[in-house]
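For reference, the structure is listed below as structure tokens.
Both ligands and their constituent atoms are indexed starting at 1 by order of listing.
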Amino acid sequence: MPSVNGKINIAPSILSADLCQLGDEVTRVQKAGADWLHVDIMDGHFVPNLSFGPALVRSLRKFTDLPLDVHLMVEHPLQFVEPFAKAGADLLTIHVEAKDDVLQTLRAIKALGVKTGVSIKPDTNPNVLQTLTDEIDLVLVMSVYPGFGGQAFLEGAPAQIKEVRNIINASGKKIWLEVDGGINAQTAPAVIAAGADALVAGHAIFSSADPALALKQIKQASPAI
Ligand code: DX5
Ligand code: ZN
């Protein structure tokens, strides 16, 4: 996974892909210019839904060279860090609201040679990030309440994104600012204007009649930074 590169990176979320056609779906978005692949992991506790495990990441790793951006929506991420690292994750993002020690978990991820991310839910004060900027490669701001694809973008998200952008800039570190939930060609410009440099999009891409076109429309909606 590259370090911060001054462009907007698009990470299609396979949560909304047709899982019986997953290889074709991945190939299609890769050809359309996807930068990363976003893989949502849900445990039925941290969020009221279940999704994938390390086995899927292992299969994706063999199938594509796209960076695998793995979003752990799980109550106890520490126990899953090693299986996902061994499966081939390039980035592991944990939630600050999860129950394991955040610093310990981030250091475990780093020790496995994987990039580190922390995510905050819509109601979480971005100031929790102040003490973490030495430990992370990415912040993931949720612009919906995590758990399901296809939800509407929350209007309050740009204000939270701006606060995170200020914290990152004040730290002087190269840290990605990724935004996840309800992103489409209409919502992307406000997210980018607020300071995001990576956008997750699931429903808008994979539920479209033409996923490649949908991805390109989000990219085009993205003014250069
Ligand atoms: C939501 C997930 C998202 C989801 C985004 O809990 O973290 O990554 O797939 O989906 P859309 O783009 O459909 O809101
Ligand atoms: Zn996600």
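The protein heavy atom nearest to atom 10 (O) of ligand 1 is G149 CA, 3.7 Å. From the protein, the heavy atom lying nearest to atom 12 (O) of ligand 1 is G202 N, 2.8 Å. With respect to atom 5 (C) of ligand 1, the closest heavy atom belonging to the protein is D180 OD1, 3.4 Å. Annotation: atom 14 (O) of ligand 1 to nearest protein heavy atom, G182 N, 2.8 Å.
Contact annotation: the side chain of Q130 approaches that of I167 to within less than 4.5 Å [non-hydrogen atoms, C-beta and beyond].
Ionic pairing of K219 and D35 is present here: one or more N-O contacts between side-chain nitrogen and carboxylate oxygen are shorter than 4.0 angstrom.
Looking at ligand 1, you won't find any N or O of L15 less than 3.5 Å from one of its N or O atoms.
No other N/O/S atom of D40 lies as close to the Zn ion (ligand 2) as OD1 does. As for D180, its N/O/S atom nearest the Zn ion (ligand 2) is the one called OD2. H71 has its closest N, O or S atom to the Zn ion (ligand 2) at the position named ND1.
If you check each of G147, G181, S207, A204 against atom 6 (O) of ligand 1, the one with the closest non-hydrogen atom is G147.
Ring geometry, H95 versus F46: the interplanar angle falls from 30° to 60°, so the pair is classed tilted.
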